[in-house]
Amino acid sequence: MLPMFPLGSVLLPYGILPLHVFEERYRTMMRDDVEEFGVVLIERGSEVGGGDVRTQLGTVARVVRKTELPDGRWQVVAVGTPRRFRVARWLPDDPYPIAEIDELVDAPVDGAALRELVDDVVPRVRRVLAMRAEAGEPSAPVDVAFDGDPVVASWQLALLTGMGPLDGHAVLAIDDPLARLQRVAEVVDEQLDALTFRMGGSGE
């Protein structure tokens with residue numbers, strides 16, 4: 001069983017998740033000293049108050065820092081682990097959401113082919129970051145470093161796109177790392193096209 005934190009956003013592996021915890025059910029989770037919880041996307045409904053409709057796919061998050069404020073709220077920072085899961089069964093939200101999960105395993109990957117695709121996508125992502133900075137939009141540094149493990153690097157590339165929840169959920173659902181990065185590359189190309197159009201140039 002895994003405590004759950006449904007959100008209106010998708011947490012990808014290696015992503016940073018800052019949380020402002022004010023609902024009593026999640027305050028209880030923090031007081032219970034929960035070290036890991038699952039994050040799933042809310043399809044319909046609100047993050048507050050329950051009664052939401054949740055997706056069945058998510059990422060295990062690990063708490064790396066938490067601070068209780070004088071009024072009982074919590075400031076929490078969690079990070080997405082590499083562990084993806086599918087919900088097998090939701091249990092009653094008592095005292096907070098809990099589910100039984102089946103962890104997902106990546107398909108075997110051709111490391112050389114994935115490394116080649118990473119090397120192909122990296123300059124495109126750097127171009128997106130540069131164009132965002134030029135447009136005055138929030139952006140990660142263009143010279144951001146990537147992990148030597150191509151699987152980890154592929155998740156870093158996905159995170160740097162800043163893709164929306166629907167694209168993020170679709171990427172999270174793909175078990176083949178190569179196919180997953182190909183989908184990320186499609187998102188990057190769509191972003192390049194959009195940025196080039198907005199900036200009125202070729203993007204070259």
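Positions are given from 1 along the sequence.
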- Between atom CG of Leu160 and atom CZ of Arg126, what is the distance when rounded to the nearest 0.5 Å? 9.0 Å

Enumerate donor-acceptor pairs with a distance under 3.5 Å from any side-chain N or O in residues 141-155 to protein atoms, sequence neighbours excluded.
residue: Asp147; atom: OD1; partner: Asp149; partner atom: N; Å: 2.8
residue: Asp149; atom: OD1; partner: Val151; partner atom: N; Å: 2.9
residue: Ser154; atom: OG; partner: Val151; partner atom: O; Å: 2.5

- Query: Going hydrophobic residue to hydrophobic residue with side-chain gaps under 4.5 angstrom, can you get from Met30 over to Met1?
  - Reply: yes

- Task: Quick one: list whatever passes side-chain hydrogen bond (donor to acceptor under 3.5 Å, both in side chains) with Gln156, sequence neighbours left out.
- Result: none

- Item | Side-chain H-bond candidate by donor/acceptor type, Thr28 with Arg31, under 3.5 Å | yes

- Item | Residue pairs passing the side chain to side chain donor-acceptor pair (under 3.5 Å) test where at least one lies in residues 98-113, sequence neighbours excluded | Arg83-Glu103, Arg84-Asp106, Arg89-Glu100, Asp106-Arg180

- Note on the structure: Tightest non-hydrogen contact, residues Ala61 and Ala78, listed as CB-CB, 4.1 Å

- Query: Does any pair with a residue in residues 160-170 pass salt bridge (Lys or Arg N to Asp or Glu O under 4.0 Å), and if so which ones, sequence neighbours excluded?
  - Reply: Asp167-Arg183

- Inspect the surroundings of CD in Glu36 and state if more than 12 heavy atoms from other residues, nucleotides or ligands are less than 6.0 Å away. yes

- Query: How would you list, by chain and number, every residue that makes a ring pair (Phe, Tyr, Trp, His ring centres under 6.0 Å) with Phe5, sequence neighbours excluded?
  - Reply: Tyr26, Phe37

- Message: Could you check whether any side-chain heavy atom of Leu129 comes within less than 4.5 Å of a side-chain heavy atom of Arg132, counting everything from C-beta outward?
- Response: yes

- Message: List the residues meeting side-chain contact (heavy atoms from CB on, under 4.5 Å) with Leu117, not counting sequence neighbours, and say none if there are none.
- Response: Asp120, Val121, Leu178, Leu181, Gln182

- Task: Flag the pair Glu134 / Met199 as yes when at least one side-chain heavy-atom distance between them is below 4.5 Å, and no otherwise.
- Result: yes

- Query: Got a sec, which residues hit side-chain hydrogen bond (donor to acceptor under 3.5 Å, both in side chains) with Asp32, two or more places apart in sequence or on another chain?
  - Reply: Tyr96

- Message: Strictly distance-based, threshold 3.5 Å: is any side-chain N or O of Gln191 a donor or acceptor partner for the main-chain N or O of Thr161?
- Response: yes

- Query: Does any N or O in the side chain of Thr59 come within less than 3.5 Å of the main-chain N or O of Leu12, such that one atom is a donor and the other an acceptor?
  - Reply: no

- Would you say the side-chain atoms of Gln56 pair up with the backbone N or O of Arg54, donor to acceptor, closer than 3.5 Å? yes

- Looking at side-chain heavy atoms only, is the closest gap between Met131 and Leu192 below 4.5 Å? yes

- Item | Note, Pro95 side chain near Arg25 side chain (heavy atom, < 4.5 Å) | no

- Rounded to the nearest 0.5 Å, the CD atom of Glu190 sits from the CE atom of Met163 at a distance of 9.5 Å

- Query: Are Thr55 and Glu43 close enough, and set up right, to give a side chain to side chain contact (heavy atoms under 4.5 Å, CB included), and what steps lead you there?
  - Reply: CA-CA 6 Å; Thr55 65; Glu43 287 186 295; 3.2 Å; yes

- Hits for salt bridge (Lys or Arg N to Asp or Glu O under 4.0 Å) against Asp119, two or more places apart or cross-chain, chain-then-number order -> Arg115

- Message: Quick check on the hydrophobic clustering: are Ile174 and Tyr14 connected, directly or via other members, by side-chain heavy-atom contacts under 4.5 Å?
- Response: no

- Kindly indicate whether the side chain of Leu41, heavy atoms from C-beta on, has any atom under 4.5 Å from the side chain of Leu7. no

- To the nearest 0.5 Å, what is the distance between CZ (Arg124) and CZ (Arg127)? 14.0 Å

- Excluding Val64, membership of its hydrophobic cluster (Ile, Leu, Val, Met, Phe, Trp, Tyr; side-chain heavy atoms within less than 4.5 Å) reads Ile16, Val77, Val79

- Message: side chain to side chain contact (heavy atoms under 4.5 Å, CB included) for Asp175 and Val105? Distances and angles first, verdict last.
- Response: CA-CA 7 Å; Asp175 294 330; Val105 179; over 6 Å; no

- With a 4.5 Å heavy-atom cut-off, do Leu57 and Leu104 have their side chains touching? yes

- Message: For Glu137, give me all partners under side-chain hydrogen bond (donor to acceptor under 3.5 Å, both in side chains), at least two apart in sequence or on another chain.
- Response: Arg198

- Message: Taking the side chain as everything from C-beta on, heavy atoms only, tell me whether Pro97 gets closer than 4.5 Å to Pro3.
- Response: no

- Task: Please report the closest heavy-atom contact between Gly8 and Ile42, naming both atoms and the distance.
- Result: N-CD1, 4.4 Å

- Query: Under a single-linkage rule joining Ile, Leu, Val, Met, Phe, Trp and Tyr whose side-chain heavy atoms are separated by less than 4.5 Å, which residues share a cluster with Leu2?
  - Reply: Met4, Val40, Val60, Phe85, Val87, Trp90, Ile101

- Task: Kindly state each residue pair satisfying salt bridge (Lys or Arg N to Asp or Glu O under 4.0 Å) with at least one member in residues 63-73, sequence neighbours excluded.
- Result: Asp33-Lys66, Asp71-Arg73

- Option passing side-chain contact (heavy atoms from CB on, under 4.5 Å) with Val76 (candidates Leu19, Leu17, Thr67): Leu19

